Amino acid sequence: MSTSKFSSPFALICAASAALLAPVVAFAQEAAPAAATTAAAAPAFTMDKGDNAWMLISSALVLLMTIPGLALFYGGLVRAKNMLSVLMQVFMITAVVALLWVTYGYSLAFTDGGSLNSFVGGFSKAFLAGVNTSSLAETFSKGVAIPEYTFIVFQMTFACITPGLIVGAFAERVKFSAVMLFVVLWVTFIYFPMAHMVWFWGGPSSYTSPAGLIFSYGAIDFAGGTVVHINAGIAGLVGAIMLGKRTGYKKEIMAPHSMTLTMVGASLLWVGWFGFNAGSNLEANGYASLAFINTFVATAAAAVSWCIVESLARGKASMLGGASGAVAGLVAITPAAGFAGPMGSIVLGLIVSPVCYFFVDVVKNKFNYDDSLDVFGVHCVGGILGALGTGILVNPALGGAGIVDYSTADFAASYAGTATQVLAQAKGVLTTLLWSGIGSAILYKIVDVVIGLRVSVEAEREGLDLSTHGEAAYHAS
């Protein structure tokens with residue numbers, strides 16, 4: 001991995017702020033036409049049909065996580081009068097972000113950004129310029145590739161689900177138009193740069209090429225602990241605070257209207273997450289199998305752990321607890337999926353649920369913020385624990401897979417040591433929290449000034465299904 005670092009934390013924060021606030025035109029001016037250079041330097045790639053088939057299946061599985069998985073999981077947790085509004089938000093976020101991704105998102109995330117390359121890519125592949133059925137994207141094995149269209153589609157599903165996670169934090173009180181405008185701004189200025197900072201590098205055949213900022217720290221994130229979960233989780237918390245509490249919060253019953261649908265949604269998330277994590281290996285080999293089994297056992301351990309904690313604290317285990325624990329386990333194992341061993345993954349799953357339970361049950365009540373569906377308590381907190389835990393569990397002495405050292409002739413796995421790796425992970429977590437937390441606050445304020453964030457009290461009491469969409473999820477017989 002590249003070892004370039006910023007000289008001071010102050011330089012990092014200032015540079016990050018400058019990149020965040022820079023207009024899109026500046027991105028275009030600074031972008032370097034890296035595609036031609038990379039193509040000229042790259043060796044002949046080979047493409048395996050099995051890898052391609054697995055990646056296409058994985059892409060479909062991640063879409064399944066979003067619609068209907070996430071939509072039903074969230075929908076079941078809100079009151080019946082707001083069910084359709086949540087389905088509509090997640091569904092339309094998926095559609096809008098997919099279009100933004102192929103227009104300019106893929107280019108901003110996965111091309112060289114010239115002088116801004118630490119933070120964001122350029123526009124050399126805007127509108128998928130230069131991409132065709134013959135163009136390839138290298139995997140994590142030198143000279144092995146998959147069709148670039150396949151890589152674009154797989155990463156597109158990640159871009160679609162991440163902003164969808166955010167809406168759970170301020171469900172039941174936000175304007176639909178505000179959600180859509182915020183998502184357009186958020187993926188442009190927060191998600192696409194974050195994906196670039198964490199995942200952009202030259203690949204095995206050009207590992208010394210300039211990489212994204214967080215990648216250059218030496219931080220590892222197999223499938224999106226920082227890019228997806230911490231990123232969305234902190235944005236959700238900021239949104240929940242800025243929108244304020246739901247009308248009647250802690251004064252009226254706001255119980256989930258359908259735990260049946262929530263269980264169905266959670267189950268779809270679990271199934272789809274195999275594509276999310278194992279697919280992030282980009283090849284159908286042993287590392288994909290490792291990520292697959294880790295996703296299975298960490299999730300199982302977290303579901304069991306949550307129910308045990310809930311039984312001890314409240315005397316009863318609930319379906320909501322089981323589902324919440326499963327999601328917490330999925331979140332925590334995401335950055336570690338291809339790095340930890342199965343036993344380490346089980347330990348991670350057992351630990352994450354008590355920590356997330358504490359934030360959901362104690363911290364939220366202590367600070368009295370209304371994170372409707374516990375996006376911060378599960379996704380951000382679980383993502384932080386997973387990201388830091390990855391730095392420990394990747395250790396081969398603990399059953400981990402080690403980190404591939406591309407500077408060696410045989411690409412041998414190595415481990416820099418617990419302190420070194422956990423510090424790199426912590427720097428990645430802190431950068432994500434600052435970038436997304438500060439940036440999201442700015443974007444929420446812009447949306448509030450332009451069109452307003454919240455619906456009226458009357459519309460909220462009527463329910464967003466009827467007041468916003470003129471439809472109802474359910475009709476009396």
Side-chain angles (χ1 to χ4, degrees), residues 12-28 89-90 92-101 103-105 107-109 113 116 119-121 158-198 213-214 224 226-244 369-373 375-376 379-380 383 429-455:
L12 167 63
I13 294 172
C14 292
S17 300
L20 173 67
L21 298 175
V24 172
V25 174
F27 290 158
Q89 288 168 20
V90 176
M92 291 310 300
I93 285 171
T94 302
V96 169
V97 174
L99 297 177
L100 296 178
W101 181 252
T103 302
Y104 60 86
S107 189
L108 289 180
L116 292 177
F119 301 100
V120 73
F158 279 59
C160 290
I161 194 171
T162 305
L165 295 172
I166 300 173
V167 302
F170 42 70
E172 302 194 297
R173 60 195 188 274
V174 67
K175 289 182 178 179
F176 176 70
S177 57
V179 170
M180 302 314 299
L181 176 57
F182 173 76
V183 165
V184 170
L185 295 173
W186 191 83
V187 295
T188 301
F189 292 102
I190 308 297
Y191 181 83
F192 299 154
M194 185 57 60
H196 180 89
M197 284 189 272
V198 175
L213 179 65
I214 295 176
T226 50
V227 180
V228 178
H229 299 293
I230 300 174
N231 196 12
I234 191 64
L237 175 64
V238 172
I241 293 172
M242 294 185 69
L243 264 82
Y369 57 85
D370 184 13
D371 177 358
S372 304
L373 309 182
V375 175
F376 173 76
H379 290 276
C380 190
V429 168
L430 180 60
T431 302
T432 305
L433 291 171
L434 289 173
W435 184 274
S436 186
I438 296 171
S440 296
I442 295 171
L443 299 181
Y444 282 121
K445 187 61 178 177
I446 291 172
V447 173
D448 195 29
V449 169
V450 174
I451 59 176
L453 287 169
R454 283 194 71 142
V455 300

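It should be emphasised that the depicted structure is a prediction, and the values quoted were computed from it without experimental measurement.
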Item checked: Contact summary for Gly452 and Ala178, nearest pair of heavy atoms -> O-CB, 3.4 Å
Check: CH2 of Trp435 to CZ of Phe189: how many Å apart, nearest 0.5 Å?
Finding: 10.0 Å
Scan the side chains in residues 158-170 for donor-acceptor partners under 3.5 Å anywhere in the protein, sequence neighbours excluded, and list what turns up.
residue : atom : partner : partner atom : Å
Thr162  : OG1  : Phe158  : O            : 2.8

Note to self: Between Val96 and Met180, does the side chain to side chain contact (heavy atoms under 4.5 Å, CB included) criterion hold? Intermediate values first, please.
What the structure shows: CA-CA 8 Å; Val96 169; Met180 302 314 299; 3.5 Å; yes
Notebook entry, point to check: Once you round to the nearest 0.5 Å, how far does CG of Leu213 lie from CG of Leu116?
Noted result: 12.0 Å
Check: Between CG of Leu433 and OG1 of Thr226, what distance do you get to the nearest 0.5 Å?
Finding: 10.0 Å
Margin query: Tell me the closest heavy-atom pair linking Ser372 and Arg173, and the distance in Å.
Written below: OG-NH1, 2.7 Å
Notebook entry, point to check: Would Ile190 and Leu443 satisfy side chain to side chain contact (heavy atoms under 4.5 Å, CB included), going step by step from the backbone distance to the final call?
Noted result: CA-CA 10 Å; Ile190 308 297; Leu443 299 181; 3.9 Å; yes
Next item on the list: Check whether any side-chain N or O of Ser436 sits under 3.5 Å from a backbone N or O of Ile234 as a donor-acceptor pair, and report yes or no.
Entry: no
Notebook entry, point to check: Is a side-chain donor-acceptor pair under 3.5 Å present for Tyr104 with Thr188?
Noted result: yes
Notebook entry, point to check: Considering only heavy atoms from C-beta outward, does the side chain of Val179 approach that of Ile93 to under 4.5 Å?
Noted result: yes
Notebook entry, point to check: Can you list every salt bridge (Lys or Arg N to Asp or Glu O under 4.0 Å) pair that touches residues 431-452, not counting sequence neighbours?
Noted result: none
Check: Nearest 0.5 Å, what's the CD1-CD1 distance between Ile446 and Ile451?
Finding: 12.0 Å
Checklist line | Heavy-atom side-chain proximity of Val187 to Phe192 below 4.5 angstrom | finding: yes
Note to self: My understanding is that only residues two or more places apart in sequence, or in another chain, count here; which of them pass side chain to side chain donor-acceptor pair (under 3.5 Å) with Trp186?
What the structure shows: Ser440
Next item on the list: Nearest 0.5 Å please: distance from the CD atom of Gln89 over to the OG1 atom of Thr94.
Entry: 11.5 Å
Notebook entry, point to check: Hey, what's the ring geometry for Phe182 with Tyr444, parallel, tilted or perpendicular (30° and 60° as the breaks)?
Noted result: parallel
Next item on the list: To the nearest 0.5 Å, tell me how far Leu373 CG sits from His379 NE2.
Entry: 9.0 Å
Next item on the list: Output yes when a side-chain donor or acceptor of Asp371 lies under 3.5 Å from a complementary backbone atom of Phe376, and no otherwise.
Entry: yes
Item checked: Exam field: side chain Arg454 to backbone Leu243, donor-acceptor pair closer than 3.5 Å -> yes
Item checked: Contact check, side chains of Met194 and Thr432, non-hydrogen atoms, under 4.5 Å -> yes
Checklist line | Any donor-acceptor N/O pair, His196 side chain to Ala109 backbone, under 3.5 Å | finding: yes
Item checked: Val174 vs Val455 side-chain heavy atoms within contact, under 4.5 Å -> no
